[in-house]
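All values below were derived from every heavy atom in this structure, side-chain atoms included, with hydrogens, water molecules and symmetry-related copies excluded. Being a predicted model, the structure only gives us computed values, none of them experimental. Here is how names work: the chains are called A, B, and so on, in the same order as the sequence lines, proteins then strands, and each is numbered from 1.
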Number of protein chains: 2
Amino acid sequence: MAGIKDVAAAAGVSVATVSRVLNAHPSVSADAHARVLAAVDRLGYRPNAVARSLRTAQTRTLGLIISDVMNPYFTELARSVEEQARALGYSVIIGNADESPRLQDDHVRTLLDRRIDGLLVSPTDGGSPQLLDAARAGTPTVFVDRWIPGVDVPVVRADGRAAVRDLVAHLHGLGHRRLAIIAGPAATTTGSERVDAFRAALGEYGLELPEEYVGQGDFQAESGRRVTEAFLALPEPPEVVFAADNLMALGALDAIRARGLHLPDDIALAAFDDIPWFVHTDPPVTAIAQPTGELGRAAVRALAALIEGRPARSVTLPARLVVRRSCGAPATAAAHPSRPRPRSNP
Amino acid sequence: MAGIKDVAAAAGVSVATVSRVLNAHPSVSADAHARVLAAVDRLGYRPNAVARSLRTAQTRTLGLIISDVMNPYFTELARSVEEQARALGYSVIIGNADESPRLQDDHVRTLLDRRIDGLLVSPTDGGSPQLLDAARAGTPTVFVDRWIPGVDVPVVRADGRAAVRDLVAHLHGLGHRRLAIIAGPAATTTGSERVDAFRAALGEYGLELPEEYVGQGDFQAESGRRVTEAFLALPEPPEVVFAADNLMALGALDAIRARGLHLPDDIALAAFDDIPWFVHTDPPVTAIAQPTGELGRAAVRALAALIEGRPARSVTLPARLVVRRSCGAPATAAAHPSRPRPRSNP
DNA sequence: ATCCTCCGTGTAATCGATTCCACGGAGCCA
DNA sequence: TGGCTCCGTGGAATCGATTACACGGAGGAT
């Protein structure tokens with residue numbers, strides 16, 4: 001493969017001049033400029049990014065560590081991150097932590113070895129050593145979706161409090177009084193926050209969130225099923241199940257169906273994280289939608305700022321309630337102005 | 001950050017010796033070995049992969065170009081690829097082509113600039129120039145899921161012919177005679193193959209596949225909806241719609257519901273590509289399941305072989321039919337004793 | 001005792017770019 | 001005309017590893 005030396009020889013200039021042309025350095029004569037370009041073209045020369053990285057100490061590569069790639073929410077996040085990174089001239093190496101702190105640390109280590117310019121993480125737990133070291137050592141880092149309290153790193157996330165309040169209002173308006181939640185792991189910020197928001201919102205209506213209405217899940221479908229089964233086996237089962245993420249909602253859906261129960265008449269279901277599939281289930285599932293794409297883009301922008309020495313601030317975007325039919329709302333209430341209205345015929 | 005020179009100084013040896021220890025070269029005395037390890041540990045030294053790559057001309061990085069990351073099938077593929085690559089000591093840079101040849105070429109170019117060791121591609125079209133160049137220039141390349149005819153590159157994919165035949169048998173057994181298909185883009189191998197397999201299978205039952213029962217989709221949900229609407233508007237609509245991928249099946253599902261029709265009584269639906277969600281729709285969707293995880297792993301193994309100079313052969317794995325309720329099978333028929341034989345009772 | 005062979009080690013070249021510095025020439029001003 | 005400032009250019013150092021080659025010393029064979 002042709003190197004910069006070959007180009008220099010072919011153009012009759014030094015490697016320094018070739019490099020200048022390639023990097024748009026101003027002091028190059030028009031003549032030399034043209035000859036270099038011609039030589040580059042003729043040889044099909046492409047600069048070796050590895051060599052460039054060694055010299056400049058920049059790889060123009062971002063590391064993205066995702067808790068669970070198979071979760072559609074994170075898939076969408078990853079997609080928007082990759083897109084925005086590409087737009088800014090960065091490539092992305094993705095690591096799937098699978099909700100395992102060990103795997104997460106493993107990824108941090110290889111990414112650091114590869115001298116990525118920055119790290120984008122939705123941390124799996126509260127304090128995996130490698131990650132903390134990296135952040136403290138000054139590796140440009142941004143947390144997305146979840147974060148680790150006490151670590152001074154910009155956080156890009158959605159605030160679901162208002163949407164959860166809207167959800168509770170919606171449920172209360174429909175006459176529901178016994179509301180239960182399937183929580184995520186307490187070690188994750190999203191795990192605990194959503195329960196807090198839910199409890200606070202219930203409080204505004206003078207409603208309690210009894211212990212037995214808080215099920216402990218792990219953001220995976222199976223745990224949603226298990227918890228829901230337990231709910232249904234209660235002497236006084238809840239009227240509504242609110243799942244703290246989409247996969248657990250799925251498990252809940254299964255458990256409900258397996259019992260022969262019907263949504264929304266026998267029990268209501270709502271979920272945190274809206275995903276395309278919720279439109280296609282029967283009935284469509286009421287959910288709290290995060291601005292996932294914008295979250296990914298904002299995270300990359302913040303990270304790029306950090307990398308390029310500009311200041312980066314945390315970003316919190318509002319989530320919003322998307323009412324569908326799984327809680328018993330009249331179909332027409334689902335209206336969201338810019339979205340197609342679901343059919344109203346039964 | 002500490003470099004190899006610092007380690008050498010700290011251990012009182014030369015950089016060559018440090019390098020030998022790090023690379024498990026045999027001729028190092030036990031004493032030196034121990035001192036180097038101690039120094040590495042003390043300084044928290046981690047070798048710079050960029051420098052190493054420059055010297056060795058190996059990045060231990062794979063490029064993965066996916067047609068559409070948001071498609072659960074490809075998400076799962078990407079996940080298994082990343083997993084297997086990690087197991088073999090490779091990192092993966094993912095590029096999302098979004099079914100666009102231009103974007104695909106763009107990714108090929110940046111990946112090549114980064115001197116990735118090998119390329120894993122599910123090609124978006126029949127002949128994007130960069131990709132062909134790369135393959136011909138000797139970049140280790142493996143096609144996965146889709147391939148480009150005439151290019152001499154190992155292909156790892158699933159063969160759906162037998163499963164499609166099983167599906168048609170299943171449908172025929174249920175009394176269906178008017179079967180339609182939503183095809184993928186003809187430019188992709190998977191687009192045309194599935195139609196061919198379907199037509200061939202129909203032929204075995206003396207059934208035709210009339211022109212108006214072949215809808216042209218693009219592997220996206222919206223096209224599935226559009227095509228299905230056209231099917232339903234036909235003077236004699238089909239009794240079964242077979243979608244050539246999961247997203248188009250989703251669109252079909254929507255179109256069917258929008259018409260107020262009911263699965264499986266009014267019309268039957270089946271899909272190529274099984275995904276977790278098909279279990280959770282109502283009714284669960286009968287689908288042809290690819291061994292996606294195994295596909296991803298096999299592809300990485302083949303690519304690693306190519307990279308390491310070993311020969312790599314193409315791999316074709318069988319897909320299998322997973323009967324659920326969307327075509328009218330009794331619910332209990334969904335069980336599969338490893339390879340379910342479609343029921344013969346009507 | 002002499003020579004040969006290994007073994008452990010260090011010196012220095014190398015990978016392919018970027019970039020500091022020096023240098024010659026042209027243009028400008030006094 | 002002499003001196004100064006730019007401008008375009010090239011030589012060479014540099015990034016941080018790997019590795020070919022050389023070398024001194026120990027041990028074995030003759």
Side-chain angles (χ1 to χ4, degrees), chain A residues 1-40 43-61 89 91 109-117, chain B residues 1-40 43-61 89 91 109-117:
Chain A
M1 189 165 288
I4 197 172
K5 281 202 283 243
D6 304 304
V7 176
V13 297
S14 73
V15 294
T17 300
V18 176
S19 177
R20 287 190 189 100
V21 171
L22 265 33
N23 294 286
H25 188 99
S27 38
V28 178
S29 68
D31 176 56
H33 194 269
R35 290 213 314 281
V36 168
L37 253 34
V40 163
L43 299 177
Y45 168 74
R46 301 248 75 210
N48 184 326
V50 175
R52 185 199 302 249
S53 291
L54 176 59
R55 183 60 233 255
T56 61
Q58 282 201 64
T59 51
R60 297 215 69 93
T61 302
S91 293
R109 198 173 312 111
T110 41
L111 290 171
L112 257 27
D113 283 357
R114 282 162 192 277
R115 300 300 192 265
I116 46 133
D117 291 342
Chain B
M1 188 165 289
I4 196 173
K5 280 200 284 241
D6 305 303
V7 176
V13 297
S14 73
V15 294
T17 299
V18 176
S19 177
R20 288 192 189 97
V21 171
L22 263 33
N23 294 285
H25 187 99
S27 34
V28 177
S29 67
D31 176 56
H33 194 270
R35 291 215 312 281
V36 168
L37 254 34
V40 164
L43 299 176
Y45 167 74
R46 299 250 76 209
N48 182 326
V50 175
R52 185 201 299 252
S53 290
L54 177 60
R55 183 60 232 253
T56 60
Q58 280 203 72
T59 51
R60 296 215 70 93
T61 303
S91 293
R109 199 173 309 111
T110 43
L111 290 171
L112 255 28
D113 284 356
R114 283 162 192 277
R115 300 301 192 266
I116 46 132
D117 291 343

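Across the protein-nucleic acid pair, Ile4(B) atom CD1 and dT11(C) atom C1' stand 14 Å apart, rounded to whole Å. Arg52(A) has its CZ atom 20 Å from the C1' atom of dA17(D), to the nearest Å. The interatomic distance linking Leu54(B) (CG) with dT18(C) (C1') rounds to 13 Å, in whole Å. Residue His25(A) contributes atom NE2, which lies 19 Å from atom P of dA17(C) at whole-angstrom precision. Going from atom CZ of Arg35(B) over to atom P of dG8(C) covers 14 Å, rounded to whole Å. dA17(D) atom C1' lies 14 Å from atom CZ of Arg46(B), rounded to whole Å. One interatomic measurement links the two molecules: CG of Asp31(B) to C1' of dT9(C), which rounds to 12 Å at whole-angstrom precision. Computed from coordinates, the Leu22(A) CG to dG16(C) P distance equals 15 Å when rounded to whole Å.
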Taking it one step at a time, do Asp113(A) and Arg109(A) satisfy salt bridge (charged side-chain N to carboxylate O under 4.0 Å, His left out)? CA-CA 6 Å; Asp113(A) 283 357; Arg109(A) 198 173 312 111; over 6 Å; no

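Residue order along DNA chain C, read from the 5' end via each residue's closest nucleotide, puts Val15(B) first among Val15(B) and Val18(A). Comparing Ala51(B) and Thr17(B) by the nucleotide of DNA chain D that holds the closest heavy atom to each, the one mapping nearer the 5' end is Ala51(B). Summary of the strand contacts: Ala30(B) and Val50(A) both lie near DNA chain C, and taking for each the nucleotide with the nearest heavy atom, the more 5' one is attributed to Ala30(B).
Within the 4.0 angstrom heavy-atom criterion, only backbone atoms of the sugar-phosphate kind lie near Ser29(B); the bases stay farther away. Among the heavy atoms of the strands, none lies under 4.0 Å from Ala57(A). Within the nucleic acid shown, Val13(A) comes within 4.0 Å of sugar-phosphate atoms alone, with no base atom in reach, counting heavy atoms only. Ser27(B) comes within contact range of at least one nucleobase, with a heavy-atom separation under 4.0 Å. Across all strands, Ala49(A) comes closer than 4.0 Å to no nucleic acid atom at all (heavy-atom distances).
Distances from the side chain of Ala16(A) to the nucleotides dG16(D), dG11(D), dT9(C) place dG11(D) closest.
At a cut-off of 3.5 angstrom, counting only N and O atoms as typed in the model, there is a donor on one side and an acceptor on the other between the side-chain of Arg20(A) and the base of dG10(D). You'll find a donor-acceptor pair under 3.5 Å spanning the side chain of Arg55(B) and the base of dT14(C), going by distance alone.
Residue Asn48(A) places no side-chain N or O under 4.0 Å from the OP1 or OP2 atom of dC15(C).
Formation of a donor-acceptor pair under 3.5 Å by the Arg35(B) side chain with backbone atoms of Ala11(B) is found in this model. Using a distance-only test at 3.5 Å, with no hydrogens or angles considered, no donor-acceptor pair links the side chain of Ser19(B) to the main chain of Val15(B).
When only modelled atom types and interatomic distance are considered, Arg114(A) and Thr61(A) share no side-chain donor-acceptor pair under 3.5 Å.
To the nearest 0.5 angstrom, Met1(A) atom CE is 6.0 Å from Leu112(B) atom CG.
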